[in-house]
Amino acid sequence: MVTRLYTHPIFLEHITPPGHPERPDRLRAIERVLDDEAFAGLDRAEAPEGDEATILYAHPQEFVERVRATIPDTGIARVDADTTASPKSWQAAVTAIGAANAAVDDVFRGNVANVFVAARPPGHHAEKTTSMGFCLFNTAAIAARYAQRQHQAERVAIVDWDVHHGNGTQDIFWDDPSVLYCSTHQMPLYPGTGAVSETGAGNIVNAPLAPQTGSEVFRDAFLSRILPALDNFVPDLIIISAGFDAHHRDPLAEINLTEDDFDWATGQLMQRAGRHSDNRLVSLLEGGYDLQGLAFSVAAHVGRLMKG
Ligand SMILES: [Zn+2]
């Protein structure tokens with residue numbers, strides 16, 4: 001069985017202002033590194049058109065219409081202090097959702113080993129009724145609910161190793177014990193949430209990391225908090241909110257991981273997916289803003305996914 005990669009040219013057409021860290025070149029860097037012969041065995045697929053109705057799995061209609069209204073005909077519109085929309089942003093965001101949902105279909109049908117979705121805009125900061133932090137809609141949250149509604153998954157775990165806390169995912173599942181949300185993230189850092197004391201309905205596991213910590217502290221957070229929570233929860237599906245901005249080269253944070261740490265964490269989650277979830281594992285790109293750090297980290301992550 002193969003690892004599938006979903007991409008789509010529309011993801012390059014979500015345009016952000018000059019100098020913005022969340023830029024199309026991120027995906028070009030990923031494309032380039034995955035062009036290597038080592039990845040010839042990837043099952044490359046074009047992301048399908050997304051179904052707008054599935055946005056409502058995680059966001060109310062009134063909010064969806066508010067986001068739609070911010071999409072400009074030309075130029076770039078500001079959505080919040082650091083989140084913007086260009087004319088093709090709606091289509092990009094909906095296609096990212098389509099890819100994530102298709103990845104869920106793939107792993108439940110059992111026709112691939114696992115899936116990585118290289119899409120933008122990212123999603124984990126988008127709350128029920130607020131687009132923020134470069135994110136319009138919460139793709140991971142929608143995919144989790146999609147698994148529950150379309151594939152009768154009872155319990156879905158989202159593991160978020162982006163260096164920023166996924167406040168949006170936490171917000172959406174705050175009182176929903178059918179979804180486990182686990183996050184490692186730098187604290188203090190944007191968006192300010194993610195304390196250990198934030199536990200929702202007992203389904204939120206935050207493992208904040210102090211600035212300037214690295215591999216050892218990150219792996220300890222996995223071993224002592226994240227992995228035991230997964231073993232206790234017994235998910236039917238594991239979704240990774242795979243941001244790579246905890247890499248030591250990243251300009252937006254001060255955590256010092258290397259690509260080896262992403263390789264290791266991927267292997268740990270694959271092991272848990274094997275133990276609990278019939279190997280069902282879907283990984284969705286979130287952040288990662290140093291092009292070299294991002295490319296090397298994605299290569300390590302996808303390389304591990306392909307090893308099965
Ligand atoms: Zn991030």
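Indexing begins at 1, ligand by ligand and atom by atom, following the structure's order. For clarity, every value in this text was computed on a predicted model and none was experimentally measured.
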| field | H164 near the Zn ion (ligand 1): N/O/S under 2.8 Å | value | yes
Should we say atom CD of Q150 is surrounded by more than 12 heavy atoms from elsewhere, each under 6.0 Å from it? yes
When the aromatic ring centroids of H301 and F116 are compared, is their separation below 6.0 Å? yes
Practice prompt. Establish, from distance only, whether the side-chain atoms of T54 and N101 form a donor-acceptor pair under 3.5 Å.
Written response: yes
| N/O/S from E286 sitting under 2.8 Å away from the Zn ion (ligand 1) | no
min-distance N/O/S atom, D245 vs the Zn ion (ligand 1), resolves to OD2
Answer key: the N, O or S atom of D162 nearest to the Zn ion (ligand 1) is OD1
**Prompt:** Can we call the ring centroids of H247 and F296 under 6.0 Å apart?
**Reply:** no
